[in-house]
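First up is the structure itself, then whatever we jot down about it.
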Amino acid sequence: MYTSPISSELAGQKVIISGGGIGGAACAVAMALRGAEVELYERAAEFREVGAGIQIGPHGWRMLKQFGLEKEMVDLGFLPKRMVFKDAISTEDLLTLNFDDEFEAHYAGRYLVIHRSDLLGLLVEAAQALGAKLYNGVTVTGAENTENGAVATLEWAASDGPNTAEGDIFVAYDGIHSVHRKRFVDDVPVGSGYVAYRGTSDRSEDTEMSALEDVVGFIGPKVHFIQYPLRGGKLLNQVAVFESPRYLEGLQSDDIPEDWGNNDEFRGAFGHTNEFIQGRLDHMWLHTWWQMSDREPLMEWADGNIIVMGDAAHPPLQYLASGAVMAIEDAEALASYAADAVNSGTLVWSEVLKEVEAERGPRCARIQTTGRFWGELWHVDGLARLTRNELFRSINVTGWTKYADWLWKYDVADRHYIKNPEAGQLPKEIADWRYRVGEIAKNI
């Protein structure tokens, strides 16, 4: 872990960040590594992540390694041998991605699973070691451009801190319910109709799963079920996801119940799946569940010296396992493009933020839209399910990397989407696809 900046391009620059999740903490690290002065404000009383496991593909691995965190993330996480997709009814293997030496050579990185709180803890510790100032119990209620930068308005929960924080730029990482997104668009989260129940358990007490070394995804009609180890294999992470009939009914009647996906729906959602999956459902937490939502892609992120990033700009559905990595990519793009500007002779923050917007907007739009498509493909029934299964089996023979390279080989330094903004669209083979929930909403 780095304890001092690795370069000084941004020395003398001050960055104000709202939001202390994985994205905000990663931004603090990326900026401090280039010598910037960083102040981060988090509303919660402590830095913590909601949920359990998170998957980090090689596109995220490379950046975290660049942050100096490779040893720590391996020590705290787990390196699965494979990702295996199985049919949720028959449990037959459909598609296998081997995370072997060939994978590592192809992507210049590895595939890691880690507890969300462990990754956040690493990033917070790294940011503080690099001199960033991180504050808890502070809500950033607004931000405005100034003649020389930006100013954020602060509300302190338990102390009499300053009412404002001024810097050269203001970066909003304040999540899917972002206050600052409203500067650019007046929209609301889009419910997918799917709900996630999660649970972790001690693998030493679960002999049935003691040999698991993979990320396993059972996909089936209107459901999926994910399993993988965490914390060096000591924990088992499991996620059960299903479509809520009450959400779809409420969407069509314009009266969506607040508790869609509740325990009653959960208990009745997996009766058509294999008995193995049904036998694992007792491990799910019932006191809380996650109503899975995203937002429509946003192409305008920056206004002067203010920018929204992470879930404030591009909250995705989870099917490509890239939400956290997207936020880290945002951070690295911001820091590296600013450093490039300094090295080129002139740093104009408003221009840097627009460059970040031009690169990251199309990239994140493609991930968001592809995630919606991928989720629908997982959950098809009937003939469509049989066709999908055959497609997955055939990819085992013909090779899968051509479908993943756009996601996992990405490097912000290449500025690929600035050079090719059309790359933010779905491939022409599926360009006519339309999001099912969106089509239902249109027809009300």
Side-chain angles (χ1 to χ4, degrees), residues 19 21 43-45 48-54 88 116-117 139 174-179 181-182 186-201 217-227 237-273 277-296 310-312 314-319 321 323-324 368 371-372 374-376 378-381 435-444:
R43 180 178 60 184
R48 57 184 174 83
E49 276 284 336
V50 177
I54 186 173
R116 297 185 71 94
S117 62
T139 300
D174 57 334
I176 189 171
H177 299 291
S178 171
V179 170
R181 182 183 173 101
K182 296 175 183 177
D186 183 15
D187 66 351
V188 295
V190 180
S192 70
Y194 279 83
V195 182
Y197 279 69
R198 296 182 167 94
T200 58
S201 56
F218 296 87
I219 56 177
K222 300 182 180 181
V223 298
H224 71 265
F225 187 74
I226 307 293
Q227 298 177 298
N237 183 65
Q238 299 185 111
V239 186
V241 177
F242 67 93
E243 185 178 62
S244 163
R246 294 170 65 242
Y247 176 85
L248 295 180
E249 293 166 3
L251 181 62
Q252 295 180 61
S253 65
D254 197 25
D255 186 22
I256 299 172
E258 291 187 4
D259 68 337
W260 59 274
N262 63 20
N263 288 182
D264 289 338
E265 287 192 278
F266 169 69
R267 293 187 181 98
F270 293 86
H272 61 298
T273 64
I277 296 174
Q278 296 185 49
R280 304 302 306 176
L281 299 179
D282 287 343
H283 295 271
M284 300 298 104
W285 303 321
L286 296 179
H287 66 280
T288 187
W289 59 92
W290 286 260
Q291 298 169 340
M292 292 163 49
S293 301
D294 62 359
R295 287 196 191 236
E296 296 300 332
D311 280 356
H314 48 73
L317 298 178
Q318 87 288 10
Y319 298 104
Q368 288 176 283
R372 289 175 167 183
W374 194 228
E376 288 197 1
W378 283 16
H379 298 138
V380 293
D381 197 0
Y435 187 37
R436 175 170 167 252
V437 168
E439 293 302 295
I440 293 174
K442 287 179 184 178
N443 291 328
I444 294 175

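Counting from 1, the numbers follow the sequence of the chain as shown.
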Using a 4.5 Å cut-off on heavy atoms from C-beta on, say whether the side chain of Val179 contacts that of Lys182. no

So do the side chains of His379 and Glu243 get within less than 4.5 Å of each other, counting heavy atoms only? no

Taking atom [atom1] of [X] and atom [atom2] of [Y], what is their separation to the nearest 0.5 Å?
X      : Y      : atom1 : atom2 : answer
Thr273 : Phe225 : OG1   : CZ    : 9.0 Å
Arg198 : Arg116 : CZ    : CZ    : 7.5 Å
Met284 : Thr200 : CE    : OG1   : 9.0 Å
Ile176 : Asp311 : CD1   : CG    : 6.5 Å
Gln318 : His224 : CD    : NE2   : 5.0 Å
Gln368 : Arg295 : CD    : CZ    : 10.5 Å

Go through Asp381 and Lys222 one step at a time and tell me if the side-chain contact (heavy atoms from CB on, under 4.5 Å) criterion holds. CA-CA 8 Å; Asp381 197 0; Lys222 300 182 180 181; over 6 Å; no

For Tyr247, what residues pass the ring pair (Phe, Tyr, Trp, His ring centres under 6.0 Å) criterion, not counting sequence neighbours?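 If we apply the ring pair (Phe, Tyr, Trp, His ring centres under 6.0 Å) test to Tyr247, skipping adjacent residues, the hits are Trp260.
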
Which atom pair, heavy atoms only, marks the closest approach of [X] to [Y]?
X      : Y      : answer
Trp285 : Gly199 : CE2-CA, 3.6 Å
Pro257 : Gly250 : CD-CA, 4.4 Å
Val223 : Tyr194 : N-CE2, 4.4 Å
Arg267 : Leu286 : NH2-CD1, 3.9 Å
Gly191 : Ser293 : CA-OG, 3.4 Å
Pro315 : Asp294 : O-CB, 3.1 Å

Please report whether the ring centroid of Trp289 lies less than 6.0 Å from that of Phe266. no

Using salt bridge (charged side-chain N to carboxylate O under 4.0 Å, His left out) as the criterion, list what pairs up with Arg181, not counting sequence neighbours. Asp187

Please check if the side chain of [X] supplies one atom and the backbone of [Y] the other of a donor-acceptor pair under 3.5 Å.
X      : Y      : value
Glu376 : Arg436 : yes
Arg246 : Asp259 : yes
Tyr197 : Asn263 : yes
His272 : Pro221 : yes

Can you check side-chain contact (heavy atoms from CB on, under 4.5 Å) on Tyr319 and Met292, steps first, answer last? CA-CA 11 Å; Tyr319 298 104; Met292 292 163 49; 3.5 Å; yes

